2 protein chains.
Amino acid sequence: MRTDTVYKKAFNRTANMLRDGQLAGELPSENELRRRMCVSRTTVRKVLQELIRRQLVTEHSGIRAAGRAVDDNDYYPDAETTPRAKHVEQHFMEWMLRRDTRPGTSINELELARQFGVATNGIREFLIRFSRFGLIEKRPNTGWLFKGFTEDFALELFEIRVMFELRSAHLFSRQPGTSPLWGKLAALKIAHTELLKRIEIRYHDFSGLDNRFHRLINEASPNRFIDDFYDVITFIFHYHYQWNKQDEKQRNQAAILEHVAYIDALESRDPERIKQACQAHLASARTTLMRSLIGLDQ
Amino acid sequence: MRTDTVYKKAFNRTANMLRDGQLAGELPSENELRRRMCVSRTTVRKVLQELIRRQLVTEHSGIRAAGRAVDDNDYYPDAETTPRAKHVEQHFMEWMLRRDTRPGTSINELELARQFGVATNGIREFLIRFSRFGLIEKRPNTGWLFKGFTEDFALELFEIRVMFELRSAHLFSRQPGTSPLWGKLAALKIAHTELLKRIEIRYHDFSGLDNRFHRLINEASPNRFIDDFYDVITFIFHYHYQWNKQDEKQRNQAAILEHVAYIDALESRDPERIKQACQAHLASARTTLMRSLIGLDQ
DNA sequence: AGCATGAACTTTATCCATAAAAAACAACTT
DNA sequence: AAGTTGTTTTTTATGGATAAAGTTCATGCT
């Protein structure tokens with residue numbers, strides 16, 4: 001049966017809004033709520049119905065208003081708000097990066113399905129989606145081959161990344177001075193220096209900033225294939241570093257400094273300087289990844 | 001139910017071998033046949049059983065040999081030898097390129113399933129696989145958006161293609177003279193000039209040659225992401241030109257000449273000359289595609 | 001006319017079932 | 001011991017069913 005994670009997530013969000021007082025007085029119309037939560041009206045109605053049943057919302061002659069205070073255990077647990085497909089993703093990435101899954105291992109849809117507690121269909125869809133990451137390969141009628149999260153993989157990934165990033169940085173720097181992206185870049189630079197001040201405790205925030213920065217660079221000259229490739233990178237890094245936290249603070253601190261130098265270079269519009277800064281940053285990112293790969297490898 | 005296309009294709013192939021006299025005398029063992037046909041022994045046995053039933057093969061005391069002559073209508077029809085997934089692909093590509101499918105159209109899994117006569121599952125798997133081509137986009141819980149086979153698409157595709165090809169051509173030219181790829185390149189050049197002589201009738205053969213040529217260039221410095229991207233190109237071109245045959249002979253003739261110039265440039269190892277030849281060729285490929293796109297667009 | 005709610009309908013996400021194909025096991029032959 | 005064939009088990013490809021979520025239609029209220 002389809003999971004009701006959309007409903008549960010919407011419910012939790014609405015409960016949050018009630019608690020924050022964002023929904024004081026008469027509640028907005030179903031359509032208005034629908035728009036705010038990005039779900040269908042059907043789901044909004046289901047949420048409202050349950051809120052009323054639990055007296056979190058009252059309804060008198062068609063007028064709805066906040067009811068009793070929201071309690072911590074009114075919320076659905078987080079696990080129930082993620083769709084199956086996402087669970088499969090998480091399980092699989094853990095299976096791949098955490099366990100001793102060696103290059104050359106063959107992947108068995110049925111076995112994974114049993115292990116993750118989902119239907120084979122879900123596994124298969126995930127694997128198809130995942131195959132564009134270049135880590136697995138399908139052999140028809142037979143199964144999938146895990147090619148390994150290896151040094152080769154990292155090298156090939158970074159070769160493309162450098163190519164794309166140099167191209168995008170170059171095009172970024174040649175935008176007219178009137179482009180709004182310059183403003184965004186300046187803002188990002190400030191965010192970087194702010195984070196640097198609080199690095200001791202906030203170093204986790206870097207990955208969000210990293211993402212915003214590299215996506216901003218691409219924004220000046222959009223290309224869907226480059227964007228897609230950046231999705232690959234984001235995905236890989238997300239999971240890889242989630243389970244690989246050595247030196248995180250130090251790594252991020254260094255990366256912030258590199259970003260700042262890179263931003264300065266962009267603002268200078270000097271092609272050679274941009275190239276240097278960009279390459280320096282990516283080279284260090286690559287070294288970091290490679291080092292942690294070797295740790296993974298024994 | 002799963003289709004038995006693997007069996008039927010294997011059957012047809014075996015029938016062909018019988019007809020060609022490749023299986024004269026005592027038939028090879030099941031294992032040997034298995035290896036030659038790249039299917040499992042289970043399938044081989046099924047084929048043999050049917051061949052015997054139809055007396056195309058005789059069996060006396062465990063010895064199998066060719067039986068009566070193979071007739072044209074011993075073969076299974078071609079349509080029955082392609083798996084469902086492939087049918088879906090063909091139908092979808094036709095739907096996309098042939099019909100007046102406009103950018104922004106939303107794609108309905110259920111409707112396509114009905115239209116193509118398959119289960120929704122198959123459609124969904126195809127769409128997931130196809131999504132890496134950058135022509136469709138998934139919106140969760142809602143459906144897929146067709147972004148259109150547009151001019152933008154072609155431009156973005158070619159921007160990447162040029163980047164990759166320049167990189168690969170450059171690295172190819174810097175291989176040691178002892179690399180076996182130089183020999184392959186020379187052979188390909190001959191194949192090109194041969195084809196040119198027979199261009200009047202054999203111009204269809206160009207696409208195979210084109211593929212071999214560009215894949216050879218990539219072989220000198222393998223990168224899975226570049227290979228994958230070349231798969232995208234191959235796929236797109238395959239279907240696009242399958243339905244768009246204006247000027248095919250002329251186009252291919254021009255492309256052969258460009259290839260030869262490109263090969264000469266590679267053999268000269270002169271970076272600047274390589275760059276020129278490569279760019280010239282890709283520019284003309286792009287123009288061709290763009291022109292046919294405009295035809296498609298009204 | 002435009003927006004709100006109610007109800008009906010359609011589509012997606014998900015599970016389950018099963019024949020075809022592959023793989024593993026067993027027994028036999030040379 | 002290595003290669004055959006026969007048999008059994010496992011896995012993949014594909015169809016089908018259904019609750020959840022999205023969308024459309026109908027009705028009523030300013």
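Chain naming here is simple, since letters A, B, ... match the order of the sequence lines and numbering starts at 1 in each. Note that the structure is a prediction, hence the values are computed from the model and not measured.
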*Asks:* Round to a whole Å and report the spacing from CZ of R2(B) to P of dT14(D).
*Replies:*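 Distance check: R2(B) CZ to dT14(D) P gives 7 Å.
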*Asks:* Atom pairs under 3.5 Å, N or O on each side, protein against nucleotides 25-28 of chain D: can you list them with distances?
*Replies:*
none

*Asks:* Give S29(B) one of three labels, base, sugar-phosphate or nothing, depending on what nucleic acid heavy atoms sit under 4.0 Å from its own.
*Replies:*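 Here S29(B) touches the backbone only, sparing every base.
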*Asks:* Which nucleotide in the list dC16(C), dT12(D), dA22(C) gets nearest to the side chain of T42(B)?
*Replies:*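 Among dC16(C), dT12(D), dA22(C), the one nearest the side chain of T42(B) is dA22(C).
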*Asks:* Using OP1 and OP2 only, check whether a side-chain N or O of R124(A) sits under 4.0 Å from dA13(D).
*Replies:*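 Yes, within the criterion.
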*Asks:* CD of E125(B) versus C1' of dT12(C): gap in Å, rounded?
*Replies:*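 Whole-Å distance recorded here is 15 Å.
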*Asks:* So, F164(A) versus F225(A), ring centres under 6.0 angstrom or not?
*Replies:*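 No - the distance between ring centres of F164(A) and F225(A) does not fall below the 6.0 Å cut-off.
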*Asks:* Which residue, Y241(A), F229(A), F133(A), forms the ring pair (Phe, Tyr, Trp, His ring centres under 6.0 Å) with F235(A)?
*Replies:*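 It is F133(A); the other options fail the test.
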*Asks:* Once you round it to whole Å, what is the distance between P of dT10(D) and CD of E111(A)?
*Replies:*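 These atoms are roughly 12 Å apart.
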*Asks:* Just how far, in rounded Å, is C1' of dT5(D) from CG of L27(B)?
*Replies:*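 So the two atoms are 14 Å apart, to the nearest Å.
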*Asks:* Checking contacts here: which listed nucleotide (dC16(C), dA22(C), dA19(D)) is nearest the side-chain heavy atoms of V6(B)?
*Replies:*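 When the side chain of V6(B) is considered, dA22(C) is the closest of dC16(C), dA22(C), dA19(D).
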*Asks:* Starting from C1' on dT18(C), measure out to CG on N121(B) and report it in whole angstrom.
*Replies:*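 Between C1' of dT18(C) and CG of N121(B): 14 Å.
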*Asks:* Calculate the interatomic distance between F11(A) atom CZ and dA21(D) atom P; express it in whole Å.
*Replies:*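 That distance rounds to 14 Å.
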*Asks:* I need the minimum non-hydrogen distance between L51(B) and T14(B), along with the two atoms involved.
*Replies:*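 Nearest pair, atom of L51(B) first, then T14(B): CD1-CG2, 3.7 Å.
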*Asks:* Give the rounded distance in Å between these two atoms: CD of E30(A) and P of dT5(C).
*Replies:*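 Spelled out: CD on E30(A) to P on dT5(C) is 4 Å.
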*Asks:* I want to check one thing: is the phosphate of dT11(D), taken as OP1 and OP2, less than 4.0 Å away from some side-chain N or O of N108(A)?
*Replies:*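 Affirmative; the distance criterion is met.
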*Asks:* Measure from the side chain of N31(B), starting at C-beta and using heavy atoms only, and say which of dA21(D), dT5(C), dT5(D) lies closest.
*Replies:*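 Looking only at heavy atoms from C-beta outward on N31(B), the closest nucleotide is dT5(D).
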*Asks:* Would you check if the distance from the ring center of F116(B) to the ring center of F92(B) is below 6.0 Å?
*Replies:*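 Distance test on ring centres: not under 6.0 Å, no.
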*Asks:* Look at R212(B) together with E219(B) and state whether they make a salt bridge at an N to O cut-off of under 4.0 Å.
*Replies:*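 Not counted as a salt bridge, because no side-chain N and carboxylate O are separated by less than 4.0 Å.
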*Asks:* Any salt bridge between R35(A) and E32(A), counting N to O under 4.0 Å?
*Replies:*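 Salt bridge: yes.
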*Asks:* May I ask you to verify if any side-chain N or O of R84(A) is less than 4.0 angstrom from the OP1 or OP2 atom of dC15(C)?
*Replies:*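 Checking dC15(C) against R84(A), a side-chain N or O does come within under 4.0 Å of OP1 or OP2.
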*Asks:* For R64(B) and G117(B), find the nucleotide of DNA chain D closest to each by heavy atoms; which residue's nucleotide sits nearer the 5' end?
*Replies:*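 It is R64(B), whose closest nucleotide lies nearer the 5' terminus.
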*Asks:* Would you say the side-chain atoms of N108(A) pair up with the backbone N or O of L110(A), donor to acceptor, closer than 3.5 Å?
*Replies:*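 It does hold such a pair.
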*Asks:* To the side chain of Y7(B), which of dA21(C), dG15(D), dA19(D) is closest?
*Replies:*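 Between dA21(C), dG15(D), dA19(D), the one nearest the side chain of Y7(B) would be dA21(C).
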*Asks:* Pick the nucleotide of DNA chain C nearest each of E109(B) and K46(B); which residue has the one closer to the 5' end?
*Replies:*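 On the 5' side of the pair lies E109(B).
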*Asks:* Name every residue in residues 128-146 of chain B that has at least one heavy atom under 4.0 Å from any atom of DNA chain C, in order of residue number, or write none if there are no such residues.
*Replies:*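 Within residues 128-146 of chain B, the residues near DNA chain C are K138(B), P140(B), N141(B), T142(B), G143(B).
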*Asks:* Answer yes or no: does a side-chain N or O of R34(B) lie under 4.0 Å from OP1 or OP2 of dG3(D)?
*Replies:*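 Looking at the OP1 and OP2 atoms of dG3(D), neither is under 4.0 Å from any side-chain N or O of R34(B).
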*Asks:* Would you say Y239(B) and E94(B) are linked by a side-chain donor-acceptor pair, where the criterion is simply a distance under 3.5 Å?
*Replies:*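 Their side chains do not contain a donor-acceptor pair, so the 3.5 Å distance test is not met.
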*Asks:* Reading DNA chain D from 5' onward, which residue's closest nucleotide shows up sooner: T43(A) or T120(B)?
*Replies:*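 The residue whose closest nucleotide sits nearer the 5' end is T120(B).
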*Asks:* Tell me whether the side-chain N/O atoms of R114(B) come closer than 4.0 Å to OP1 or OP2 in dT11(C).
*Replies:*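 Yes, such a contact exists.
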*Asks:* Ignoring hydrogens and geometry beyond distance, is a side-chain donor-acceptor pair present between N211(A) and Y230(A) at under 3.5 Å?
*Replies:*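 There is no such pair between these side chains.
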*Asks:* Which class fits the ring pair F130(A) and F126(A): parallel under 30°, tilted 30 to 60°, perpendicular over 60°?
*Replies:*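 Correct class here is parallel.
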*Asks:* What is the distance, rounded to the nearest whole Å, between atom CG of L110(A) and atom C1' of dT14(D)?
*Replies:*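 It is 15 Å, rounded to the nearest whole Å.
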*Asks:* According to a strict under-4.0 Å criterion, is T3(B) in side-chain N/O contact with OP1 or OP2 of dT14(D)?
*Replies:*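 Answer yes for this pair, as a side-chain N or O of T3(B) is under 4.0 Å from OP1 or OP2.
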*Asks:* Regarding D74(A) and R54(A), does a basic nitrogen lie under 4.0 Å from an acidic carboxylate oxygen?
*Replies:*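 A salt bridge is present here (some side-chain N lies under 4.0 Å from a carboxylate O).
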*Asks:* Do any side-chain nitrogens or oxygens of S40(B) fall under 4.0 Å of OP1 or OP2 in dA22(C)?
*Replies:*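 So the side chain of S40(B) is within the cut-off, an N or O lying under 4.0 Å from OP1 or OP2 of dA22(C).
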*Asks:* At under 4.0 Å between heavy atoms, what does D4(B) touch on the DNA or RNA strands: base, sugar-phosphate, or nothing?
*Replies:*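 Sugar-phosphate contact only - D4(B) comes under 4.0 Å of backbone atoms but never of a base.
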